[in-house]
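Not measured: the values here are computed from a predicted model. We count ligands from 1, going down the list as the structure has it; atoms in each ligand are counted the same way.
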Amino acid sequence: MAAGFEPLRKILELEQKRGYDNTAVFGGLDRFLKNWAGQGAEAISDRRLLGRFQQLVARVDYASLSGEQRRDWASRVLSLARELEGGAPAQAKTEGKAPSHPRAKRARPLKKAVTVSGQDLDSPITTVKGISTALAAKFGRLGVKTVRDLLFFFPHRHLDYSQIKHISQLTEGDEQTIIANVWQAQATRLGYRQGTEAIVGDETGNVRVVWFNQPYLAKKLPTNARIVLSGRVSLFKGHHVFESPEWEFVEDKDLVHTGRLVPVYSLTQGLYPRQVRKLMKGVVDQWAGQVEDFLPAEIRERCDLLELPQAISQAHYPEDEMMKGKSRVRLAFNELFILQLGVMSRKHDWQESQPGSAFAIDEKLVNGFTNSLPFQLTGAQQRVLKEMLGDMQRPQPMCRLLQGEVGSGKTVVATAALLLAVANGYQGAFMAPTEILAEQHYATLCQLLSRAEGQEEETPYLKRFSGLLSRPITVALLIGDITPSQKQELQQRLANGDIDIAIGTHALIQKGVKFKRMGLAVVDEQHRFGVTQRSALRQKGFRPHMLVMTATPIPRTLALTLYGDLDLSVIDELPPGRQTVKTKWLRPAQRESAHNFIRKQVAAGHQAFIVCPLIEESEAVIAQAAVVEYERLSHEVFPDLKLGLLHGRLSGEEKDEVMQRFRARELDILVSTPVVEVGIDIPNATVMLIESADRFGLSQLHQFRGRVGRGAEQSYCMLLAENPSEIGRQRLDIIENVQDGFVLAEEDLKLRGPGEFFGTRQSGLPDLRMARLSDVKILELARSEAMALFQVDPGLRKPAHRLLAGEMSRVWPQTSAGEWS
Ligand code: ADP
Ligand code: MG
């Protein structure tokens with residue numbers, strides 16, 4: 001009886017924590033109570049308490065209460081709940097037990113109690129029978145924290161054990177399933193190892209079964225037990241043998257490990273396939289039915305999609321291949337549909353809710369700038385510039401993604417746009433993912449502007465250029481390692497409008513930095529930047545034009561999906577005279593010849609990059625490893641050459657110094673952690689050696705490779721890999737043979753899947769688990785349905801879209817609060 005009040009108590013406690021804002025449960029407390037009160041009442045046998053319950057719980061209109069009244073009401077209900085839960089404290093004491101103990105026991109869901117609402121699905125997985133805190137921690141490492149997470153913890157594939165055969169039909173080499181009786185099972189020595197050996201039989205014959213390393217199994221398989229075996233059959237001394245098959249008893253229950261499509265989950269240390277399968281079967285059977293389908297029925301029917309609960313259970317334990325396919329379509333549709341709605345609403349928010357600033361286009365200024373450059377813009381650069389100018393002429397803020405290979409000349413185009421903003425009396429911000437890159441952009445920009453006329457350096461962080469506009473243009477670099485007083489001064493001047501263009505990392509728009517009139521924000525390297533930064537800008541009251549640049553080529557279908565909120569421009573043409581970088585995958589035995597090759601290039605007056613292996617995620621560990629590698633290379637391999645070291649743990653000043661020395665050719669070889677990945681521009685560097693190249697994704701390798709081949713000389717990229725995995729080999733093979741960034745991106749996606757490709761977690765986009773790049777049809781369907789829905793009800797305020805609104809706020813939590821409710 002008592003456990004029935006657990007959900008109510010939890011919700012009220014949460015409500016208390018949130019300051020009684022009626023958000024502890026989806027749809028508000030009243031809706032929950034309406035559904036739940038009847039059931040709560042049923043569980044109360046004491047008439048007096050029932051009366052109080054009815055009075056308090058069944059009649060309340062929580063939404064209409066004041067904050068004070070809510071608090072008062074909640075504390076009364078909580079004390080009633082405690083009484084109802086039998087937790088009269090005195091009693092607990094006389095029993096001499098720790099009070100938390102009996103309660104923990106009661107916290108287990110009653111099957112009945114959990115039919116209440118979606119709320120239960122968000123309780124921790126320890127709610128599930130058989131999941132201890134220790135086990136929960138292991139799931140936690142996989143990102144699985146709640147019951148809902150478990151339901152959406154899909155297997156990455158299934159083993160097809162669905163075809164049940166007779167023993168006489170077994171063939172060698174294949175995965176097969178039989179139902180048989182155990183004749184005999186014993187622990188035995190198998191080769192050098194302990195194991196279990198069994199003889200099983202059906203009406204057509206007998207077969208031997210062996211399990212390596214599992215001598216304890218013998219005791220679990222009593223003679224005459226009926227079991228299902230699924231696994232590979234091999235031939236040993238002329239007889240068929242099952243080798244370490246999956247097995248389970250034939251019982252009344254559904255099969256979990258054998259005789260069907262059996263799920264294979266991606267596990268972590270301490271989680272075992274059998275254990276997880278069994279657990280998941282229970283979870284799916286008990287909880288999947290409670291998932292509310294957020295998709296309006298109309299859409300579901302029009303698109304012929306499974307209902308969500310069914311799709312979830314079929315994704316884990318499909319009846320057959322067809323259902324498995326239908327389930328994946330439904331789940332992929334979910335992801336793409338939600339994604340589309342999210343990006344559409346972002347674009348809507350950005351462009352429609354308030355006007356930005358329309359720029360007047362000063363042709364003379366733009367031409368003056370481009371004519372001052374020592375080269376002609378490529379056709380692609382001119383086209384993209386025109387697209388951007390078209391956008392900035394309009395009052396809706398520009399929202400444009402500029403894609404272009406490394407070295408295709410994006411920065412030049414961005415500079416023209418920044419100039420235009422300044423000419424219109426606005427400030428521009430130019431943001432890079434790292435400080436090194438911010439410094440480099442600063443240097444590039446200054447160089448591009450310096451072609452115009454006079455320049456004047458006030459400090460290394462602040463320069464002024466004259467000749468382009470009727471007044472001088474002030475450009476500043478804001479990074480972490482300037483002194484506090486310098487920083488304060490720069491910020492002051494930014495706030496009063498004295499600085500026209502500010503370059504920095506995204507700290508530029510986050511911390512206490514104020515702009516007087518921000519009119520254009522240029523964001524380099526979108527995929528590392530995080531889409532959330534845009535809302536940071538909006539919160540400051542700016543609606544600048546926005547240009548996002550990326551050197552990661554994104555296939556068009558996917559760009560539309562993930563960046564549906566951005567208009568696309570592509571620079572698909574490199575400046576003339578660029579060489580392709582000769583790329584070679586070397587075996588470990590060829591490391592010395594790679595070093596000799598570097599030596600030769602240096603002797604010819606060039607410079608080299610050596611990229612250190614990526615060992616761990618931690619910046620500190622990577623830096624440490626780079627130091628060791630640098631020492632080794634300087635003393636043992638290239639004692640006669642000048643080496644420099646670059647890693648993320650150096651101070652800005654130190655990095656700067658290393659980069660400057662490398663640029664000034666004082667260093668022959670730059671040993672670096674993967675920070676060298678983006679944007680660094682040293683035309684005299686002609687060779688790059690990448691250690692443990694198999695560990696990097698294709699797009700990343702392509703980025704590294706783009707660091708060389710920036711001058712006129714033939715350049716080279718050498719890839720070393722100690723012991724590459726199958727996927728690693730495939731990548732190396734591809735990067736060796738393909739130069740085109742778009743082709744590489746497609747391949748990368750095939751190998752990694754969209755989620756990993758973009759690091760969507762970082763970028764503030766929801767995860768794609770079931771959707772694949774090849775799902776063009778589902779994508780188009782999801783897109784058109786999302787658009788249609790968005791037309792009718794952009795704020796998802798209609799009752800029919802209530803569940804959808806809830807799903808949106810769960811998946812897009814960073815969207816400003818309340819947007820979906
Ligand atoms: P991205 O930002 O796309 O990596 P950049 O704008 O930094 O490329 O340009 C890379 C290099 O190419 C720079 O040294 C730049 O001066 C030069 N560059 C840019 N556009 C052209 C062009 N049209 N012709 C020749 N060189 C160019
Ligand atoms: Mg660049």
Are any non-hydrogen side-chain atoms of Val708 and His606 less than 4.5 angstrom apart?
no
Do Glu489 and Thr459 touch side chain to side chain, with heavy atoms closer than 4.5 Å?
no
Ligand 1 contacted by [X] (non-hydrogen, < 4.0 Å):
X      : answer
Gln447 : no
Thr444 : no
Met549 : no
Gly404 : no

Candidate pair His545 and Tyr426, rule ring pair (Phe, Tyr, Trp, His ring centres under 6.0 Å), full reasoning:
CA-CA 11 Å; His545 295 292; Tyr426 288 93; 8.1 Å; no
Counting from 1, what ligand 1 atoms have a heavy atom of [X] closer than 4.0 Å?
X      : answer
Thr411 : 2 (O), 5 (P), 6 (O), 7 (O)
Val412 : 6 (O), 19 (C)
Thr378 : 23 (N)
Gln376 : 22 (C), 23 (N), 24 (N)

Mind checking the OG-CD spacing from Ser569 to Glu387? Nearest 0.5 Å is all I need.
3.5 Å
side-chain hydrogen bond (donor to acceptor under 3.5 Å, both in side chains) partner of Arg464, the single match among Glu458, Glu457, Gln455
Glu458
If you measure from each non-hydrogen atom of Glu405 to ligand 1, which part falls under 4.0 Å: side chain, backbone, both or neither?
backbone
Of the backbone atoms (N, CA, C, O) and the side-chain heavy atoms from C-beta on, which set of Leu377 has a member under 4.0 Å from an atom of ligand 1: side chain, backbone, both, or neither?
backbone
So is Gly409 polar-close to ligand 1, meaning N/O to N/O under 3.5 Å?
yes
Quick check: are there more than 12 heavy atoms from other residues, nucleotides or ligands sitting under 6.0 Å from CD of Gln376?
no
Residue pair Gln601 / Thr686, side-chain donor-acceptor N/O under 3.5 Å
yes
When you check the gap from the basic side-chain N to the acidic O, do Glu666 and Lys642 get nearer than 4.0 Å?
no
